[in-house]
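As structure tokens, the structure follows; a few thoughts come after it.
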Amino acid sequence: MSLAPSLAESSMKFSDRIEEYVLTNGLKVILIEDKRSPAIVSSIWYNVGSSYEYSGVSGISHVLEHMMFKGTKNTQPGDFSKRIKEVGGSENAFTGRDFTGYYQKIHKDYLELSLKLESDRMSNILFSEEEFRKEVEVVKEERRLRTDDKPISKIFEKIGLQAFGMKDYGIPIIGTMDDLNNIKVSDLKKWYANYYVPNNATLILAGNFESNNAKSLIKKYYGNYSKRKVINYSKVNEHEIYFDEITVKDKVSQPIVLLSFKKKSFSVEDKKELYAMELLLELMDGGLSSRFTKNLIDDNKIALNTFISYDSYSRKDSLITLGGSPRIGVQPEDLRTAFINEFSIFIKNGLKKNELLNTKSRLLANNIYEFDSVFYQAMQVGMLETKNLDWRLLDEYVDDIDSITEKDLINAAKKIISSDYIYSLIEPAP
Amino acid sequence: MKKILLIITLFFCVLSTNVMSYPKIEAVKDNTNYLLIHEKSLPIVDIEISFAIGSKDDGNLKGITNYSIELLHQQKINGEKIIDSFEKVGALYNSSVNRDSSSLKIRFIKNDQNIEFISKKLNEILKAKNLSATSLEYTRDVIMNSIASRDLNPASIISYKTNEEFFVGTGYAHPISGYKNIIKEINISDISKHLKKIININNIKISMVGDINENEATYFISRALDNVPMENDYISIYNKLNYQGNSKVRNIDHDSKQTHISIYIPSITRKHKNFYNILVANYIFGGSGFGSMLMQEIREKNGLAYSVYSYLAPFKDIGVLKIGMQTESKNTEKSLKILKKEINKFEKFDISGEKIKKAKFGLLKSFELRLDTNKKMLSTLSAINNYEMHDNYFQEYVEGINLVTKESIISSLKSNLDFENILINTVGNN
């Protein structure tokens with residue numbers, strides 16, 4: 001079967017539809033045109049997230065994200081969401097390790113409303129003590145819901161701490177319960193004043209806007225803010241990863257095995273090596289026809305399910321985690337060995353017929369499917385920006401992936417299995 | 001005076017309908033079971049094949065529809081699983097089962113080769129001649145594991161226990177994945193027999209969105225359905241709600257940080273004449289996130305939950321308004337008190353005309369934005385297809401919302417929501 005996606009690929013470029021510029025106050029603006037529907041996704045990305053935090057204020061970026069809906073000098077608490085909803089829009093916010101982002105999806109007729117409201121909260125947040133007291137309780141509920149009552153989230157939090165300590169990507173995005181109990185309004189004010197400045201943000205519009213109109217509105221609403229120096233509050237990471245095994249008992253029906261390997265941060269110089277890693281992991285577990293499914297689930301009946309978790313474009317060192325549950329009657333240790341064996345076998349025997357072509361097909365097709373959503377287009381560009389990476393990487397991706405060879409993949413596999421890893425096991429609680 | 005008002009109202013209806021532009025729905029070769037939205041801005045085709053058989057048609061073999069549909073893509077032709085063939089060309093396949101229907105979805109890159117190839121493979125899936133004992137065994141293990149996991153997760157426990165109680169005596173009561181003691185007894189002959197009930201030409205609806213014209217769609221459908229069985233002697237049994245409740249709270253004990261709360265109120269089906277009244281009312285009550293009555297009281301004023309919501313779940317035979325939230329166990333009583341108070345307010349519906357007008361406008365504008373990706377178009381088209389509303393779905397939706405008034409809502413709440421028979425369950429450490 002031919003490599004179907006590549007035929008269509010040449011027309012799917014960001015560069016055909018993207019425009020970028022910087023306001024005099026340092027705000028970076030990226031406009032991505034897509035007129036398939038009347039929708040616009042207007043988003044702003046601040047270069048701050050949990051990896052900028054330190055012990056004592058873990059979770060502060062996320063708490064601040066919540067407080068951004070609690071009123072400004074010009075709006076009442078809840079007004080922001082209410083006004084967007086009244087015109088049929090939807091909106092939300094998200095905090096990651098490297099960014100805090102806010103977006104509104106609105107009809108093109110209401111772009112001005114969205115820009116007016118979003119720019120207002122770049123500098124006019126009120127931070128009422130009463131609102132903070134209630135909202136921090138909401139965040140604690142979010143932590144209970146997403147982490148404390150979820151065995152897999154809890155183990156990932158533990159692994160992160162063992163790998164990186166309370167620094168960089170070891171800091172839980174949601175924050176520890178202790179820190180959530182101790183964060184004060186004054187901490188939030190300091191965080192906001194430092195990081196929420198135009199020169200530390202990127203505004204991305206994706207969708208059905210008229211370029212000149214959008215530019216003039218952006219200037220009107222964001223042009224008057226001043227540039228300010230941003231202080232880096234994060235601490236130097238002196239934590240050394242250690243490889244002790246983690247075993248816990250929790251509410252799982254079958255054991256869950258996890259092998260976490262350290263992965264270096266993304267840099268353009270190491271692009272080939274990192275993309276080879278990405279392609280290798282796709283080949284191992286990217287779909288139901290991948291090696292883990294074929295060998296561990298279908299043929300050898302060792303695994304019930306498998307997964308791989310990693311972030312291609314990480315700003316700091318991160319983890320690649322291989323995981324899964326053994327089939328009923330199979331020991332967790334056997335699945336652990338089987339994961340490692342898959343890499344050893346690949347190094348020894350290399351690719352099977354058409355395997356590289358099929359895996360590239362899958363990745364390239366997925367790359368095209370991502371153009372279906374303006375929201376996702378804004379997300380892709382925004383996430384790169386907050387890792388100091390250029391959106392042009394997305395346009396180069398097809399050629400970069402296409403250039404990866406069997407040798408590159410074998411080198412990537414060698415790198416993975418020659419390194420130490422953190423082994424974790426969740427056993428079913430009695 | 002009355003006459004003038006009437007003219008203004010009518011003018012508003014017409015204006016609202018005309019201003020919005022919705023995609024054109026074509027019945028492929030005038031067959032209204034096969035609907036198409038030809039959207040060629042991306043080289044992507046999305047197809048959903050749905051069957052009017054869901055878990056409500058399981059009979060005594062509870063879980064068999066889900067089990068059967070899961071096996072379809074695992075069939076092997078010439079030693080290769082069908083799912084592997086899809087992945088080779090970068091096509092994305094998935095299947096799902098709900099209470100009223102089941103479906104297979106495929107997304108692929110548009111080219112002639114793929115149209116030939118994918119339609120042939122779908123035909124092999126639908127003929128279901130290659131089910132294997134190995135897949136049966138593996139899928140059984142996966143389902144048994146998911147059933148075991150269901151009893152460890154408070155969100156799953158509350159969902160299936162509440163359904164069992166509320167839908168007692170109907171096909172809607174049991175979990176879609178079934179029960180362990182039944183699943184372990186299901187054999188290949190049961191599956192084959194059940195698949196005959198699910199898959200037959202008269203029972204299939206196809207929805208297509210993307211870069212595929214009517215001729216190509218016709219060709220695709222004829223290949224996909226070639227020699228698929230035609231017999232259709234099964235008639236789905238009509239289900240009538242038997243639940244009689246009293247608003248007393250039942251707690252299911254479970255060791256978790258949070259208590260999950262679920263409230264069911266008997267309501268109406270999708271095609272009921274008062275559907276739009278309940279839709280607008282629920283939007284104000286708990287269906288619109290921030291600013292809704294529930295969000296305002298539970299989260300904004302009291303900081304009791306990260307998420308609180310209500311939505312109308314209209315099944316084919318029965319409708320239910322579902323309300324849900326999660327909170328730290330010590331706050332359960334307080335939360336229930338507020339929820340009950342809000343339900344009473346909802347029943348009385350002392351809401352201003354201005355608020356209702358804004359809700360209607362917001363719903364109509366968001367309806368336009370709901371079609372901003374091919375994926376979402378497919379989901380809407382498939383719903384239109386399943387409900388047989390292709391004639392004037394978009395117009396009917398707009399008109400339905402426009403005709404809602406405070407009086408019509410109050411009347412519908414009285415006749416279409418059974419506030420005497422509310423079911424309230426909690427799961428947690430209470």
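It should be emphasised that the depicted structure is a prediction, and the values quoted were computed from it without experimental measurement. So that the names make sense, note that chain A is the first sequence line, chain B the second, and so on, each numbered from 1.
With a 4.5 Å cut-off on non-hydrogen atoms, B:Leu304 touches chain A through its backbone but not through its side chain. Within the 4.5 angstrom heavy-atom criterion, only side-chain atoms of B:Asn331, from C-beta onward, approach chain A. For chain A, the nearby part of B:Ile83 is the side chain; its heavy atoms alone come within less than 4.5 Å. Neither the backbone nor the side chain of A:Asp79 comes within contact range of chain B, judged by heavy atoms closer than 4.5 Å.
Judged by distance alone, the side chain of B:Glu87 and the main-chain N or O of A:Ser289 form a donor-acceptor pair under 3.5 Å. Between the A:Asp372 side chain and the B:Asn374 main chain, a donor and an acceptor come within less than 3.5 Å of each other. Distance alone, capped at 3.5 Å, is enough to place a donor-acceptor pair between the B:Gln258 side chain and the A:Glu141 backbone. Judged purely by atom type and a 3.5 angstrom limit, B:Lys375 has no side-chain atom pairing as donor or acceptor with the backbone of A:Tyr369. A distance-only check finds a donor-acceptor pair linking the side chain of B:Tyr138 to the backbone of A:Leu304 [under 3.5 Å]. A:Lys85 contributes a side-chain N or O that, together with a main-chain N or O of B:Phe290, makes up a donor-acceptor pair within less than 3.5 Å.
Nearest heavy atoms, A:Arg36 versus B:Asp372: NH2-O, 4.0 Å. Taking every heavy atom of both residues into account, B:Pro43 and A:Ile368 meet most closely at CG-CG2, 4.2 Å. The minimum heavy-atom distance linking A:Leu145 with B:His260 is given by the pair CD1-CE1, 4.2 Å.
Of the residues considered (A:Arg146, A:Glu131, A:Arg133, A:Lys140), A:Arg146 shows the highest number of contacts with chain B, using heavy-atom pairs under 4.5 Å. The most heavy-atom pairs under 4.5 Å with chain B, out of A:Ser290, A:Pro77, A:Ser37, A:Ser253, come from A:Ser253. If you tally non-hydrogen atom pairs under 4.5 Å between each of A:Pro428, A:Gly287, A:Gly78 and chain B, the highest count goes to A:Gly287.
For the salt bridge (Lys or Arg N to Asp or Glu O under 4.0 Å) with B:Glu300, the lone residue among A:Lys70, A:Lys82, A:Lys134 that qualifies is A:Lys70.
Classified by interplanar angle (parallel below 30°, tilted 30° to 60°, perpendicular above 60°), the ring pair A:Tyr110/B:Phe361 is perpendicular.
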